[in-house]
Amino acid sequence: MSVALFTLGGTISMAGTRRLTGDDLTAAMPGLPELGHAVEIQDIEKVPSANLTAAKLLEVVDAASKAVAAGAAGVVVTQGTDTLEESAFLADLVWPHPQPLVFTGAMRNPTLAGPDGPANLLAALRVACSPAARDLGALVVFKEEIHAARWVRKTHSTSTATFVSPNTGPIGHVVEDQVRVLTRPLRLDGVQGNAEPAELDTIHVALYTVTLDDDGLLLQGLADTHQGLVVAGYGVGHVPATLAPVLGELATRMPVVLTSRTGAGSIVRNTYDSPGSETDLLQRGLIDGGFLDPYKARILLRLLLATDDDLAAAFAQYS
Ligand code: ASP
């Protein structure tokens, strides 16, 4: 049996001015011969992850689907870490297969002392081949930790321990050559409709982070250019009182999802009641983003708008 490897670029592939291919990344990798699976490589992109698009990622997921249909035990995708949490979540929403779809990368490029790419890639390949990792959707493997795509975050700009799941912790570990899954999150429905890459390009969803003494000027005219909005509010989901009617009016014209800018935890629903509080905003028609961080909420909203899925039901799964 084989395991499929798709490469999209990023730090893991940056050897000075040269961009490493999948063959380069797997050449002479310690531990690979013992994997017992041939690695079938497709080099798709050699770009910083800032240049990846949702449409391109849907194409990669489609190619990954074809690989498992052709018999691959699982799939690994390597890419830059900057947008990896968003890519993995997008893939998780549309990945229907029991086979693992594993994202990884590196924080230290191959020209530095102690590059983390080879260890991350080997661990990701082990997870992708493992029966223990089936039915878990898309995963992120970094530093021999296994994270569910729907909870993982990049939390540090340079540390190799950047990927954490603040609300849950890792769901498993790679120890020696063994994949050990400690907890199995329920698979959620994801996005039911068929998200066409070209359709996604026409859906514009804004992310607005509320800050101290916020004037809200950027929100003016937003409904003319965007089909949806995610608000990263203070704490448990608050905004200045002056912004509450602005967001309420926008919510009559487009879906507006309320999340927290804090990086962990959920918004609340009925603890505070002043203008601009979570209770006020939810009453004005904003959608409860639950435990979703703003970046993932934006990915979900965009896909839902492209597929005409039931928005409320889809977001309720994350609350
Ligand atoms: N800037 C790089 C990227 O996301 C960082 C990385 O790969 O870790 O492409």
Side-chain angles (χ1 to χ4, degrees), residues 3-13 25 44 48-50 52 54 57-58 60-61 64 74-95 97-108 116-130 132-175 179-188 190 263-264 291-300 318:
V3 56
L5 171 61
F6 293 86
T7 72
L8 304 181
T11 296
I12 191 169
S13 66
L25 292 174
I44 308 284
S49 70
L52 292 173
L57 287 159
L58 284 181
V60 173
V61 172
V75 179
V76 172
V77 178
T78 59
Q79 69 155 86
T81 59
D82 289 346
T83 59
L84 192 149
E85 66 197 277
E86 289 163 85
S87 303
F89 183 60
L90 184 150
D92 193 49
L93 291 170
V94 296
W95 183 246
H97 308 288
Q99 288 87 346
L101 174 56
V102 185
F103 285 75
T104 195
M107 293 298 287
R108 297 178 61 77
D116 52 334
N120 287 340
L121 179 53
L122 180 61
L125 288 165
R126 285 189 167 131
V127 172
C129 297
S130 171
R134 286 172 72 92
D135 294 310
L136 292 172
L139 300 166
V140 171
V141 172
F142 234 83
K143 277 194 84 65
E144 301 191 325
E145 291 182 346
I146 306 166
H147 295 268
R150 66 184 192 253
W151 303 131
V152 74
R153 302 296 317 273
K154 181 175 179 177
T155 62
H156 196 286
S157 59
T158 56
S159 168
T160 57
T162 184
F163 284 99
V164 300
S165 299
N167 292 315
T168 59
I171 62 168
H173 300 266
V174 180
V175 183
V179 173
R180 294 162 70 171
V181 175
L182 302 180
T183 182
R184 305 184 65 83
L186 279 179
R187 283 301 293 273
L188 302 178
F291 276 96
L292 279 179
D293 65 69
Y295 309 110
K296 292 189 185 68
R298 182 179 169 276
I299 296 277
L300 177 58
Y318 295 90

Where do Val152 and Phe89 land on the side chain to side chain contact (heavy atoms under 4.5 Å, CB included) test, with the steps shown first? CA-CA 9 Å; Val152 74; Phe89 183 60; over 6 Å; no

Side-chain contact test, heavy atoms from C-beta onward, threshold under 4.5 Å: evaluate it for Gln99 versus Arg134 and give yes or no. yes

Scanning both residues in full, the closest heavy-atom pair of Ser157 with Met107 reads O-CE, 3.3 Å

Smallest heavy-atom separation, Ala138 atom then Ala88 atom, equals CB-O, 3.5 Å

**OP:** Go through the steps for Asp116 and Lys143 under the test salt bridge (charged side-chain N to carboxylate O under 4.0 Å, His left out), then give the verdict.
**Re:** CA-CA 8 Å; Asp116 52 334; Lys143 277 194 84 65; over 6 Å; no

Exercise for review: Would you check if Pro170 and Ile146 make a side-chain contact, meaning some heavy-atom pair closer than 4.5 Å?
Suggested key: no

Between the OH atom in Tyr295 and the CD1 atom in Ile299, the distance rounded to the nearest 0.5 Å is 12.0 Å

Closest non-hydrogen contact found for Trp95 with Pro100 is NE1-C, 4.5 Å

Q.
If we ignore hydrogens and angles and just use 3.5 Å, is the side chain of Thr104 paired with the main-chain N or O of Val141 as donor and acceptor?
A. yes

- Hey, are the side chains of Phe163 and Lys154 touching, using non-hydrogen atoms and a 4.5 Å cut-off? yes

Could you check whether atom CG of Leu186 has more than 12 heavy atoms from other residues, nucleotides or ligands sitting under 6.0 Å from it? no

Check: Taking Arg184 for the side chain and Ala132 for the main chain, is one N or O donor matched with an acceptor at less than 3.5 Å?
Finding: yes

Hey, is the main chain of Thr162 close enough, under 3.5 Å, to the side chain of Thr155 for a donor-acceptor pair?
yes

To the nearest 0.5 Å, atom CG of Leu121 lies from atom OG of Ser13 at 11.5 Å

So CG of Leu292 and CZ of Arg298: to nearest 0.5 Å the spacing works out to 14.0 Å

d(Arg150 CZ, Asp92 CG) to nearest 0.5 Å is 7.0 Å

Distance col, row Thr7:OG1 vs Ile12:CD1, nearest 0.5 angstrom, shows 9.5 Å

*asked:* Less than 4.5 Å apart, side chain to side chain, heavy atoms only: is that true for Leu57 and Leu8?
replied: yes

Inset, instruction - Taking the side chain as every heavy atom from C-beta outward, state whether Thr11 and Thr81 have any pair of such atoms under 4.5 Å apart. - result: no

Using a 6.0 Å cut-off, check whether atom CZ of Arg187 has over 12 heavy atoms from anything other than its own residue. yes

The reported gap from CG in Asp82 to CG in Leu52 (rounded to nearest 0.5 angstrom) is 10.0 Å

Heavy-atom closest pair (Phe142 atom, Thr160 atom, distance to 0.1 Å) is CD2-O, 3.7 Å

Here the pair of heavy atoms bringing Val76 nearest to Ala128 is CG2-CB, 3.6 Å

Ser87 side chain vs Thr83 backbone, donor-acceptor pair below 3.5 Å
yes

Main-chain N/O of Gly105 paired with Thr78 side-chain donor or acceptor, under 3.5 Å
no

Minimal heavy-atom distance between Gln79 and Ser49, with the atoms involved, is NE2-CB, 3.6 Å

* To do: Name the orientation class of the two ring planes belonging to Tyr318 and Trp151 (parallel below 30°, tilted from 30 to 60°, perpendicular beyond 60°).
  => perpendicular

